[in-house]
A.B. asks: 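One structure, pasted below without further comment.
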Amino acid sequence: MLEIKDLTISMNGVEILKGINLSVKQGEVHAIMGPNGSGKSTLAKIIAGHPDYTATRGEILFNINGKMVNILGLAPEDRAREGVFLAFQYPVEIPGVSNAIFLRAAFNEICRYHGAAEMDPLDFDAFLREKMARLSMDEKYVNRPVNVDFSGGEKKRNEILQMAILNPRLAVLDETDSGLDVDSMRVVADGVNRLKSGNNAFIVITHYQRLLNYIVPDVVHILKDGRIVRTAGRELALEVENKGYDWLKQG
Amino acid sequence: MPSKTSTDSQFMARLGEIRKASETEGPAWLLPKKEAAWNAAVSKGFPTRKDDEWRYTDLSPLFSLPVVASRADGGPEGRKSGDKFLAPEDIAVVIANGRLPEELPVIPDEAKGLTLKKFSAVSEEEFRNWLAPDFSQPTDLFSGLNTALNYDGLWIHVPAQLQVKPVIHLCHVASEATAVNVFCPRVIVTAEPRAEARILMTFSSASGAAASFTNALTDITLGFGAKISLAVIQDESHENFYIHSARVTQHKDSSFDSFILTTGSRLSRNNLAVTLLGERAETLLKGLSLLQGDRRADHLTAVNHIAANGTSNQLYKGILNGQSRVVFNGKIYVHPDAQQTNAYQLNKNLLMGDHCRVNTKPQLEIFADDVKCSHGATVGQMDPNEVFYLQSRGVPQKTAVAMLAKGFVDEMFPQARDSVLERFLLTVNPLLGAVAH
Ligand SMILES: Nc1ncnc2c1ncn2[C@@H]1O[C@H](COP(=O)(O)OP(=O)(O)O)[C@@H](O)[C@H]1O
Ligand SMILES: [Mg+2]
């Protein structure tokens with residue numbers, strides 16, 4: 001479903017991703033771990049189409065209607081409509097735009113793109129409240145401006161809420177567990193597990209193996225200094241948790 | 001026809017011609033005031049850009065305006081053109097082409113006790129009791145010209161304890177098709193202790209109206225514990241010149257709020273001076289400029305804390321595109337006796353084009369030591385991270401930008417929808433789409 005080939009990004013003449021190769025199949029969960037500054041968020045953001053990053057080499061192929069398409073040429077909104085989702089490490093605050101209005105606009109954009117009927121405000125409200133209840137989110141967050149005056153944990157839950165509503169085919173979760181207590185982490189993991197099916201895939205970026213007790217990865221990658229230096233099964237997560245990253249030599 | 005290079009003195013001379021038409025109009029108590037105001041104006045002359053308060057706004061295009069005296073009846077057809085802003089439940093006065101209507105509206109039972117009176121019907125005694133202070137305030141040139149050239153003013157008096165539920169709507173319309181007029185509407189609002197009222201002033205042009213120059217003057221006095229809210233919508237044609245000076249005096253425990261919405265014009269100058277004369281007075285001033293093309297808006301606020309424990313909050317925002325330009329000059333003065341004052345000011349501007357400009361200038365003069373005061377200004381493009389966040393959820397870029405612009409504005413309207421807010425949205429919503437692209 002996702003095939004990243006030799007992806008290389010430079011910022012101000014410095015390479016921050018140095019030839020990433022990554023292949024994710026439908027139904028799989030991939031974990032990416034690595035020290036701070038190794039390029040994890042950059043990888044997540046270029047998949048979603050952040051305008052700051054342009055690839056100097058390589059491609060990101062994504063299955064659209066049975067064909068592998070290089071999505072580097074697609075606008076971020078088109079990637080989202082094709083089913084790419086990024087749960088941001090630092091969710092952005094949007095003053096003056098209520099969560100409900102934003103979510104409905106996003107949901108309906110995607111419906112329209114796929115030729116489905118839009119949901120009217122009342123139905124959407126019920127749909128939204130049900131999803132929020134599952135994530136134990138207080139109803140007061142329905143009409144609050146997006147992420148404004150949300151605690152760190154609520155912002156992360158709000159990301160998972162958006163994921164639950166948009167129902168992506170490929171979700172990239174960038175440190176969604178950082179700063180969460182165990183209960184919140186469990187809520188986040190439940191959100192992912194409930195969505196998980198044979199038709200979608202997840203890339204979970206994390207520092208902690210504990211999240212991976214709840215979201216069980218099929219494959220674990222270690223990203224260090226812009227390179228994937230090791231790929232293995234879930235046991236690799238435990239290993240880096242115990243030994244750190246230093247023993248892994250630069251790719 | 002005056003040439004393009006018509007000077008300020010030639011313009012003053014044209015105003016002098018217009019004044020002749022009205023110098024003997026009005027009650028006896030007013031005539032000497034008009035005379036004095038005119039003489040003062042002539043000797044003072046127009047401010048220039050060397051004048052601190054006019055540094056960023058050039059008045060010279062105004063001087064080329066071939067103004068003539070307006071029709072005495074205001075042009076009856078003009079009274080219909082303010083329709084967009086009129087709501088049936090308002091206590092509405094349509095001020096067409098600067099002229100008050102023959103008959104002022106009947107006060108509904110629920111507002112019994114409220115007085116609406118033309119200056120021409122105000123007695124010498126009422127003048128002494130209620131209006132005299134406003135005529136003895138120091139004036140700038142344009143306030144002086146307003147007094148000198150005003151045909152008839154409006155006095156709104158809210159007696160003690162009365163809460164006026166309907167909106168008092170002063171609906172100004174410019175509708176002359178060819179004649180270029182100068183309008184000098186004057187309103188004086190006096191609110192007795194614990195009186196409450198909402199005043200909406202709209203300024204619009206009928207379609208196809210010729211350019212005009214609106215030079216409005218509004219005085220508001222709030223007695224002990226009174227609450228007045230003032231909403232101003234200036235949504236005139238691009239060709240218009242508009243100067244509105246509002247002067248507010250607040251006594252103890254009173255609370256004033258204002259919201260000025262402007263779409264700009266050749267000149268749109270909004271002077272707002274609030275004096276917190278009594279203790280524990282509160283004031284909240286908001287302004288929103290939505291500007292496109294080469295429109296201009298200029299806001300000058302002056303909040304004067306004279307007594308202790310007062311609170312003032314100023315929030316002015318602008319969204320600009322094209323070559324538009326906004327000026328915000330916000331003054332806060334805190335008198336040595338005004339201890340425990342809280343005075344805040346924030347000016348935020350969103351630039352949607354590459355050629356728009358903002359001049360923002362806070363001016364703080366604080367002479368008390370136990371004071372909380374802050375000011376801030378932001379001028380910038382839309383945050384690309386915000387746009388990307390919305391796009392990453394499937395919202396197309398253009399829609400994302402429009403949503404963010406609307407959010408920037410909606411933040412200013414935290415209150416529930418009411419009939420005044422509806423009127424704001426009538427102007428804001430269509431324009432927001434235009435300004436945000
Ligand atoms: N927009 C940017 N401009 C310049 N440098 C950047 C930018 N984004 C990321 N970097 C640099 O790229 C490296 C990787 O950053 P990031 O992807 O955020 O790492 P991680 O998420 O693994 O902590 C860091 O050295 C960071 O400073
Ligand atoms: Mg990161």
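So that the names make sense, note that chain A is the first sequence line, chain B the second, and so on, each numbered from 1.
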A.B. asks: Mind checking whether A/Gln162 and B/Ser392 have side chains closer than 4.5 Å, heavy atoms only?
C.D. replies: no
A.B. asks: Is it true that the side chains of B/Tyr389 and A/Asn147 contain a donor and an acceptor less than 3.5 Å apart?
C.D. replies: yes
A.B. asks: Would you say A/Asp149 has more than 12 foreign heavy atoms packed within less than 6.0 Å of its CG?
C.D. replies: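 No.
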A.B. asks: Rounded to the nearest 0.5 Å, what separates atom CD in A/Glu109 from atom CG in B/Leu390?
C.D. replies: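 If I round to the nearest 0.5 Å, the distance is 10.5 Å.
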A.B. asks: A/Lys45 and B/Phe388: which non-hydrogen atoms are nearest, and at how many Å?
C.D. replies: O-CZ, 4.3 Å
A.B. asks: For A/Val146, which atoms come within 4.5 Å of any heavy atom of chain B: side chain, backbone, both, or neither?
C.D. replies: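 Side chain only.
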A.B. asks: So which residue, B/Lys406, B/Glu386, B/Gln397, B/Gln391, ends up with the most heavy-atom pairs under 4.5 Å with chain A?
C.D. replies: B/Gln391
A.B. asks: Using non-hydrogen atoms only, which part of A/Glu93 is less than 4.5 Å away from chain B: side chain, backbone, both, or neither?
C.D. replies: backbone
A.B. asks: Which atoms of A/Pro145 come close to chain B, meaning under 4.5 Å heavy atom to heavy atom: side chain ones, backbone ones, both, or neither?
C.D. replies: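 For A/Pro145, no heavy atom lies under 4.5 Å from chain B.
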A.B. asks: Show your working on side-chain contact (heavy atoms from CB on, under 4.5 Å) between A/Val97 and B/Asp410 and close with a plain yes or no.
C.D. replies: CA-CA 8 Å; A/Val97 178; B/Asp410 281 352; over 6 Å; no
A.B. asks: Where along residues 55-78 of chain A does a heavy atom come under 4.5 Å of chain B, listed by residue number?
C.D. replies: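 So far as heavy atoms go, A/Pro76, A/Glu77 are the residues that approach chain B to under 4.5 Å.
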A.B. asks: Who pairs with B/Glu411 by salt bridge (Lys or Arg N to Asp or Glu O under 4.0 Å), at least two apart in sequence or on another chain?
C.D. replies: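 B/Glu411 satisfies salt bridge (Lys or Arg N to Asp or Glu O under 4.0 Å) with B/Lys317 only.
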A.B. asks: If you count heavy atoms of other groups shown closer than 6.0 angstrom to NZ of A/Lys155, is the number above 12?
C.D. replies: yes
A.B. asks: Under a 4.5 Å heavy-atom cutoff, which of A/Ala105, A/Ala106, A/Ser98, A/Pro51 has the most pairs with chain B?
C.D. replies: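 The answer is A/Ala106.
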A.B. asks: Among the options A/Ile110, A/Ile101, A/Ile94, pick out the one with the most heavy-atom pairs lying under 4.5 Å from chain B.
C.D. replies: A/Ile94
A.B. asks: Atom CZ of B/Arg393 and atom CE of A/Met163: how far apart are they, to the nearest 0.5 Å?
C.D. replies: 10.0 Å
A.B. asks: Checking A/Ala201 now: which residues fulfil side chain to side chain contact (heavy atoms under 4.5 Å, CB included) with it, not counting sequence neighbours?
C.D. replies: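 Scan of A/Ala201 (side chain to side chain contact (heavy atoms under 4.5 Å, CB included), adjacent residues dropped) gives A/Met1, A/Val24, A/Leu170.
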A.B. asks: For B/Thr360, which residues count as a side chain to side chain contact (heavy atoms under 4.5 Å, CB included) partner, sequence neighbours excluded?
C.D. replies: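 Testing B/Thr360 for side chain to side chain contact (heavy atoms under 4.5 Å, CB included), a comparison that skips the adjacent residues, returns B/Phe328, B/Asn347, B/Val358, B/Ala377, B/Val379.
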A.B. asks: More than 12 heavy atoms of other residues, nucleotides or ligands under 6.0 Å from NE2 of B/His238: is that the case?
C.D. replies: yes
